[in-house]
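Encoded as structure tokens, the structure appears first; notes follow it.
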Amino acid sequence: MELIQENPDLSAYLADDEVIDHRHPLVRETAARLAKDAADSYAYARAAFEFVRDTIPHSHDSGDPRVTWRASDVLSLRTGICYAKAHALAALLRAEGIPTAFCYQRFDEVHGLVAVRFHGAWHRQDPRGNRPGVDARFSLDGERLAFTPDPESNEMDYPVLYAEPHPVVLSALRAAPDRTYLWKTLPTAL
């Protein structure tokens, strides 16, 4: 699949905003701590991915009812669904100057992940969190995502790389008072 950059301006994929608040002190502190032991930007990106994947539980897996959507809140509260975890990872990567996009897959609901830009190409990464049957890995040598769509079941990869989280996703997250409500309102298509 050819990934399509929504915005031709690469600087859009480094932006800081209300959701991807990579100038927030907690995001900066976390990024600095992870960068301290990284030999280069690739090692930092892997460390940030593994940090989000492994230390911030997916709220569905952990049973946490809280809904997070702002990157700094995901890091502070240590919980989030796929979209929120993607927001946290994007903030950590952008804090260190690594262009990061948002991308999506469609299963029963829309699933969120990110793409990072290295060596002139985009590489999708899924920080959702591993569990039995899910083994996502950071990779620039072929995708190691949590899930693979089955086109025969009407599942798909969306090829667009967004500079900001998709409005449909963000609207669902912001409107949800808890995860139970969110599960009833998750987007089923973009």
Side-chain angles (χ1 to χ4, degrees), residues 13 15-35 45-96 98 100-116 124-138 145-147 158 162-190:
Y13 297 90
D16 174 270
D17 60 27
E18 180 186 16
V19 181
I20 313 307
D21 56 344
H22 67 75
R23 289 189 172 91
H24 187 280
L26 178 58
V27 177
R28 299 307 260 182
E29 174 189 308
T30 304
R33 186 169 17 94
L34 293 169
R46 177 187 294 276
F49 169 85
E50 290 173 353
F51 174 81
V52 172
R53 182 194 67 191
D54 298 343
T55 70
I56 299 171
H58 188 286
S59 58
H60 179 70
D61 295 349
S62 68
D64 194 321
R66 298 173 294 175
V67 175
T68 54
W69 52 269
R70 183 179 290 115
S72 59
D73 291 341
V74 175
L75 295 175
S76 173
L77 299 173
R78 296 292 179 135
T79 191
I81 67 166
C82 59
Y83 311 128
K85 291 182 67 155
H87 300 169
L89 179 56
L92 290 171
L93 294 170
R94 289 179 179 190
E96 291 295 313
I98 299 169
T100 307
F102 299 96
C103 42
Y104 302 92
Q105 298 174 309
R106 186 182 70 212
F107 299 97
D108 289 336
E109 293 91 19
V110 174
H111 174 64
L113 49 154
V114 302
V116 296
R124 295 189 309 164
Q125 313 295 327
D126 191 344
R128 182 225 178 270
N130 290 340
R131 62 180 171 148
V134 176
D135 185 30
R137 305 277 174 184
F138 185 86
L145 305 178
F147 308 111
Y158 288 102
Y162 296 94
E164 299 173 354
H166 195 284
V168 170
V169 167
L170 201 49
S171 177
L173 288 171
R174 285 180 165 161
D178 58 36
R179 192 176 41 82
T180 301
Y181 181 90
L182 177 63
W183 243 237
K184 297 173 187 171
T185 61
L186 285 173
T188 57
L190 296 181

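Owing to the predicted nature of the structure, the values given are computational and were not obtained by experimental measurement.
- A146 approaches A136 most closely through the heavy-atom pair N-CB, 3.7 Å.
- Remark: L75 CG to F51 CZ distance equals 6.0 Å, nearest 0.5 Å.
- None of T185, D178, T180 except one satisfies the side-chain contact (heavy atoms from CB on, under 4.5 Å) rule with L182; the exception is T185.
- Between L190 and R106 the shortest side-chain heavy-atom distance does not fall below 4.5 Å.
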Quick one: do V52 and V74 satisfy side-chain contact (heavy atoms from CB on, under 4.5 Å)? Show the steps, please.
CA-CA 9 Å; V52 172; V74 175; 5.9 Å; no
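- For the pair E164/V19, no side-chain contact is recorded, criterion being any heavy-atom separation below 4.5 Å from C-beta on.
- Residue pairs meeting the side chain to side chain donor-acceptor pair (under 3.5 Å) criterion with at least one member in residues 19-31, sequence neighbours excluded, are D21-S72.
- Note that the CD1 atom of I81 and the CH2 atom of W69 stand 14.0 Å from one another [nearest 0.5 Å].
- You'll find the side chain of V110 stays beyond 4.5 Å of the side chain of V168, heavy atoms only.
- Between A71 and A88 the shortest heavy-atom distance is CB-CA, 3.8 Å.
- In this structure, the side chain of R179 engages the main chain of D64 through a donor-acceptor pair within 3.5 Å.
- Residue L93 holds its CG atom at 10.5 Å from CZ of F49, rounded to the nearest 0.5 Å.
- At least one donor-acceptor pair closer than 3.5 Å links the side chain of R94 to the backbone N or O of Y13.
- D61 meets the side-chain hydrogen bond (donor to acceptor under 3.5 Å, both in side chains) test with R128; sequence neighbours excluded.
- For the pair D135 and R137, the salt-bridge criterion is met [side-chain N within less than 4.0 Å of a carboxylate O].
- A donor-acceptor pair shorter than 3.5 Å cannot be found between the side chains of S59 and R66.
- R53 CZ to F138 CZ: the interatomic distance, rounded to the nearest 0.5 Å, is 11.0 Å.
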Chi angles and distances behind the side-chain contact (heavy atoms from CB on, under 4.5 Å) call for E96, L34
CA-CA 10 Å; E96 291 295 313; L34 293 169; over 6 Å; no
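- Contact of the H166 side chain with the F102 side chain is not registered, since no non-hydrogen atoms from C-beta on lie closer than 4.5 Å.
- Annotation: the span from I56 atom CD1 to L77 atom CG amounts to 10.0 Å, rounded to 0.5 Å.
- Side chain of Q105 to main chain of F147: a donor-acceptor pair is present (N/O by atom type, distance under 3.5 Å, no hydrogens or angles).
- At a threshold of 4.5 Å between non-hydrogen side-chain atoms, the residues I20 and T100 do not count as touching.
- Looking only at distances, no side-chain donor or acceptor of R124 sits under 3.5 Å from a matching main-chain atom of L145.
- Looking only at side-chain heavy atoms (C-beta outward), Y104 and P165 come within less than 4.5 Å of each other.
- No donor-acceptor distance shorter than 3.5 angstrom exists from the side chain of Y83 to the backbone of A172, with no hydrogens or angles considered.
- Atoms NE2 and OG1, on H87 and T68 in that order, are 9.0 Å from each other to the nearest 0.5 Å.
- Residues V67 and Y181 fail the side-chain proximity criterion, which asks for heavy atoms closer than 4.5 Å.
- L89 is not listed as a side-chain neighbour of V116, based on a closest heavy-atom distance of 4.5 Å or more.
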